[in-house]
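Remarks on the structure that follows.
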Amino acid sequence: MKLATWNVNSLTVRLPHVLDWLVANQPDALCLQETKQEDSKFPYAALKEAGFNAIHNGQRTYNGVAIISPHAINDVQLDLPNFADEQKRIIAATIQGVRVICAYVVNGQALDSDKFQYKLNWLNALHHWVVDELKQHEKLALLGDYNIAPDDRDCHDPVAWEGQVLVSPQEREAFQKLLALGLSDSFRLFSDEAGHYSWWDYRMAAFRRNMGLRIDHILVSDALKPLCLSCQIDKLPRKLERPSDHTPVVLTLANN
DNA sequence: ATGGCCGGGAACCCCGGA
């Protein structure tokens with residue numbers, strides 16, 4: 001089984017990349033973030049033509065999340081049930097017996113911003129909801145754009161980034177609290193190395209210079225952990241014309 | 001690294017992103 005996550009920074013612009021990637025990679029589930037479109041604009045027909053079902057929780061201009069799968073998509077949940085939120089950041093479903101949660105975590109903008117407090121509150125609500133989800137679903141994967149680089153290995157220049165969002169102690173603590181629920185950062189099951197990133201700024205030739213952050217993650221429950229075969233960051237889409245600033249992260253699991 | 005790049009939407013600038 002292959003599970004993936006990709007912040008596409010506008011599905012309207014990135015649909016050709018997504019369709020090409022689906023055909024080439026044939027995932028069992030692809031989670032998208034920042035579709036930036038209302039449900040009425042979501043390309044259900046084009047995906048169906050490529051052999052994929054999809055569910056979407058979208059809004060105009062900002063946010064928006066989706067799950068794409070060739071399989072039946074069951075028991076769909078939109079939004080955090082325990083947090084009143086205008087922003088469309090959560091969609092979840094059960095696919096082939098695995099609970100798949102797609103999350104677009106708040107950016108937070110700056111540590112002294114109201115948006116940062118919203119980020120911490122949102123992460124706290126996510127934490128409590130995942131506790132409930134784990135009680136109901138032994139096999140669970142939490143995929144998405146976390147907007148958190150878990151430690152200094154996940155940041156190209158920790159000194160330059162000190163005091164910024166995405167690397168702060170508060171955000172990293174929230175990430176560790178998710179792991180403490182019995183979740184594992186699947187990428188770290190296979191590599192302890194620094195320098196592997198999933199996002200690079202559009203400016204300053206950051207991708208070419210590998211000045212990035214690892215902020216897109218696939219967390220897996222204890223029941224899935226022994227099934228993990230590989231977790232890889234696919235840098236190919238970041239090299240295309242008009243790329244998203246994020247690139248896909250892909251987890252391969254044994255079937256049982 | 002923080003001006004520099006993107007995308008969206010409303011108007012050719014501003015906001016938000018990371």
Side-chain angles (χ1 to χ4, degrees), chain A residues 5-18 31-43 56-66 85-90 102-123 126 143-172 174-175 187 194-218 233 235 237-249:
Chain A
T5 182
W6 190 3
N7 179 325
V8 291
N9 186 21
S10 170
L11 185 56
T12 307
V13 175
R14 231 65 67 193
L15 181 60
H17 291 186
V18 172
C31 296
L32 302 182
Q33 302 85 39
E34 289 208 84
T35 58
K36 296 187 177 179
Q37 58 193 187
E38 291 175 338
D39 292 338
S40 62
K41 301 274 177 69
F42 187 82
H56 182 229
N57 186 21
Q59 65 186 98
R60 201 181 72 152
T61 311
Y62 303 115
N63 310 308
V65 283
D85 195 1
E86 298 295 307
Q87 304 190 15
K88 302 302 187 186
R89 297 180 173 279
I90 288 284
C102 172
Y104 175 44
V105 177
V106 178
N107 173 290
Q109 201 165 62
L111 297 189
D112 59 359
S113 161
D114 290 344
K115 291 173 183 172
F116 187 70
Q117 200 54 53
Y118 165 54
K119 180 176 194 171
L120 296 180
N121 293 340
W122 193 95
L123 283 164
L126 175 69
L143 306 91
D145 177 358
Y146 284 67
N147 273 317
I148 301 171
D151 65 59
D152 282 353
R153 292 173 298 175
D154 305 310
C155 175
H156 70 96
D157 189 344
V159 173
W161 275 84
E162 197 168 353
Q164 309 284 329
V165 289
L166 318 196
V167 301
S168 74
Q170 298 99 306
E171 293 161 271
R172 287 176 168 176
F175 188 83
F187 182 81
H196 295 281
Y197 309 127
S198 63
W199 169 87
W200 301 262
D201 200 306
Y202 283 120
R203 296 169 291 185
M204 304 183 69
F207 180 64
R208 182 178 55 75
R209 298 158 72 189
N210 200 30
M211 297 165 62
L213 300 174
R214 192 175 69 92
I215 54 177
D216 301 271
H217 308 297
I218 303 177
I233 298 169
K235 291 168 81 167
R238 190 63 177 77
K239 301 176 181 177
L240 300 171
E241 290 294 317
R242 274 190 103 181
S244 171
D245 44 356
H246 298 250
T247 211
V249 180

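Below, chains carry the letters A, B, ... as their sequence lines are ordered, and counting in each starts from 1. Remember, predicted model here, so these are calculated numbers, not experimental data.
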Whole-Å [atom1] distance, [N] and [M]:
| N | M | atom1 | result |
| --- | --- | --- | --- |
| B:dG16 | B:dA11 | P | 16 Å |
| B:dC14 | B:dA10 | C1' | 9 Å |
| B:dT2 | B:dC13 | P | 27 Å |
| B:dG3 | B:dG8 | P | 24 Å |
| B:dG7 | B:dC12 | C1' | 16 Å |
| B:dA1 | B:dC15 | P | 26 Å |

Whether [X] contacts [N] is assessed here as follows: a side-chain N or O lying under 4.0 Å from the phosphate OP1 or OP2. Is that the case?
| X | N | answer |
| --- | --- | --- |
| A:Y104 | B:dA18 | yes |
| A:R203 | B:dG4 | yes |
| A:R14 | B:dC6 | no |
| A:N9 | B:dC5 | no |

Any side-chain donor near an acceptor of the partner, A:E34 and A:N9, under 3.5 Å: no
Does either side chain, that of A:H17 or that of A:S244, offer a donor lying less than 3.5 Å from an acceptor on the other one? no
Between [options], which nucleotide gets closest to the side-chain atoms of [X]?
| X | options | result |
| --- | --- | --- |
| A:K36 | B:dA18, B:dA1, B:dG7 | B:dG7 |
| A:N107 | B:dG17, B:dT2, B:dA1 | B:dG17 |
| A:M204 | B:dG7, B:dA18, B:dA1 | B:dA1 |
| A:R60 | B:dA10, B:dA1, B:dG7 | B:dA10 |
| A:T61 | B:dA1, B:dG8, B:dG17 | B:dG8 |

Length of the CD-P vector between A:Q164 and B:dT2, whole Å: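 After rounding, the gap between these two atoms is 9 Å.
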If the threshold is 4.0 Å, N to carboxylate O, is there a salt bridge linking A:D152 and A:R172?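 Yes, this pair counts.
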Between A:T35 and A:L166, name the one whose nearest nucleotide on DNA chain B is closer to the 5' end.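 With A:T35 and A:L166 compared, the 5'-side residue is A:T35.
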So what does A:N7 hit on the nucleic acid, given a heavy-atom distance under 4.0 Å: a base, only sugar-phosphate, or nothing? sugar-phosphate
When all nucleic acid strands are considered with a 4.0 Å heavy-atom cut-off, which category describes A:D201: base, sugar-phosphate, or nothing? base
Are any of the side-chain heavy atoms of A:Y197 and A:I233 separated by less than 4.5 Å? no
CZ (A:R89) and OH (A:Y62) are apart, to the nearest 0.5 Å, by 11.5 Å
